[in-house]
Amino acid sequence: MLKEKIRNGKSGILLYGIVPPKITSSQDELERLGTAWSQRLGECECDGIVIYDLQDESARTKDERTFPFVHTIDPARYYTQYLHTDKEAIIYRAVGKYDEAEFCEILRHAASRLGVFVGASSKNEECKLHLSRAYEIKRLVAPHLCLGGICIPERHEKSHDEHLKIAEKTADGCEFFITQAVYNVQNAKDFIDDYAALECKKVPIIFTFTPCGSLKTLEFMKWLGISVPDFLQQRLQSSVDILQSSTALCAEMFDFIYKYALAKGVSVGANVESVSTRRVEIEASLSLLKEIRKIILKHENLGFYVI
């Protein structure tokens, strides 16, 4: 069970992340998408799924958004009504979107035993509920919810305190963390170094990997704040097939991060994102999920794992 693996500090947790359909989707379209994804998820060998609760993030930067923001249906509704799957779900909640009454109601009728709270993307963003208050409400209303938080290695490059923020959020009740998509191994390595050296309760860190299907998607990833080193950007831009190249690159990065973290005694896992509606990109994410699972099993068979 996913919840038990998290609470036992198991290394090698493998997740698959998806985005709910657009809020403008018709009932027929919701059912069609739900059926298609239910079939895909039934073939996935992973510990659970992640369902995102999207927020605009335009207040975070003055740069123009690469793709327009699209509102999606509630992630818990998508899970309970349209995804007919036995996979456990980690439901994201962008807490700033909800007032206290709404948030309490959401937690009282939680569709899953696991969740991740996400704070505002910027100080300039309108916020109905702050992350600190969301933690307080969770302790009162849903004390048994297995709660996760967000880890952003890019912030560690600038402020060198992401490991301290993780320790603080762990003290607030977070039992695992999922990172923003990783394309900069050095940032991840530096974070692992500092986290491993910190005297605090250690919890699983699940690194996110996202195949990139086009140069425009690469531009959007950078808009989101994902760090892509120049040499990797050039590698992707000059590749014959950017999707295939990025998928192989993600597998390489996970292999390194996983081995490095195991050597440091830090439990890490992977979350493979599928945030595109293009079939070829969905298939690439499923292929990456299989490849990462092979990497995890290889190291477990060699006896290099953390419990």
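Just so you know, these numbers use all the heavy atoms, side chains as well, and skip hydrogens, waters and symmetry mates. Positions are given from 1, in the same order as the sequence printed here.
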Examine distances only and state if a side-chain atom of Thr72 and a backbone atom of Pro21 form a donor-acceptor pair shorter than 3.5 Å.
-> no
Quick one: are the ring centres of Phe117 and Phe103 less than 6.0 Å apart?
-> yes
Is the backbone of Ala101 close enough, under 3.5 Å, to the side chain of Asp99 for a donor and an acceptor to pair up by distance?
-> yes
Tyr258 vs Phe254 aromatic rings, parallel, tilted or perpendicular, using cut-offs 30° and 60°?
-> parallel
Is the backbone of Glu283 close enough, under 3.5 Å, to the side chain of Ser287 for a donor and an acceptor to pair up by distance?
-> no
Could you tell me whether a side-chain N or O of Glu162 sits under 3.5 Å from a main-chain N or O of Ile152, the two making a donor and an acceptor?
-> yes
Distance-only criterion, 3.5 Å: show the donor-acceptor pairs between side-chain atoms of residues 203-212 and protein atoms not counting sequence neighbours.
from: Thr208; atom 1: OG1; to: Thr179; atom 2: O; distance (Å): 2.8
from: Thr208; atom 1: OG1; to: Asn271; atom 2: ND2; distance (Å): 3.2
from: Thr210; atom 1: OG1; to: Glu273; atom 2: OE1; distance (Å): 2.5

Decide, yes or no, whether a salt bridge links Glu45 with Lys290 under the criterion of side-chain N to carboxylate O below 4.0 Å.
-> no
Spell out, as yes or no, whether a donor-acceptor pair under 3.5 Å connects the side chain of Asp47 to the backbone of Leu14.
-> yes
Glu291 side chain to Ala251 main-chain N or O, any donor-acceptor pair under 3.5 Å?
-> no
Between Lys5 and Ile13, is there a donor-acceptor pair closer than 3.5 Å when you use the side chain of the first and the backbone of the second?
-> no
Any donor-acceptor N/O pair, Lys138 side chain to Leu145 backbone, under 3.5 Å = yes
Do side-chain atoms of Lys202 reach the backbone of Leu198 as a donor and acceptor pair under 3.5 angstrom?
-> yes
Could you tell me whether a side-chain N or O of Ser227 sits under 3.5 Å from a main-chain N or O of Glu154, the two making a donor and an acceptor?
-> no
Pick one: which of Leu131, Val118, Ile106, Asp53 meets side-chain contact (heavy atoms from CB on, under 4.5 Å) with Val95?
-> Leu131
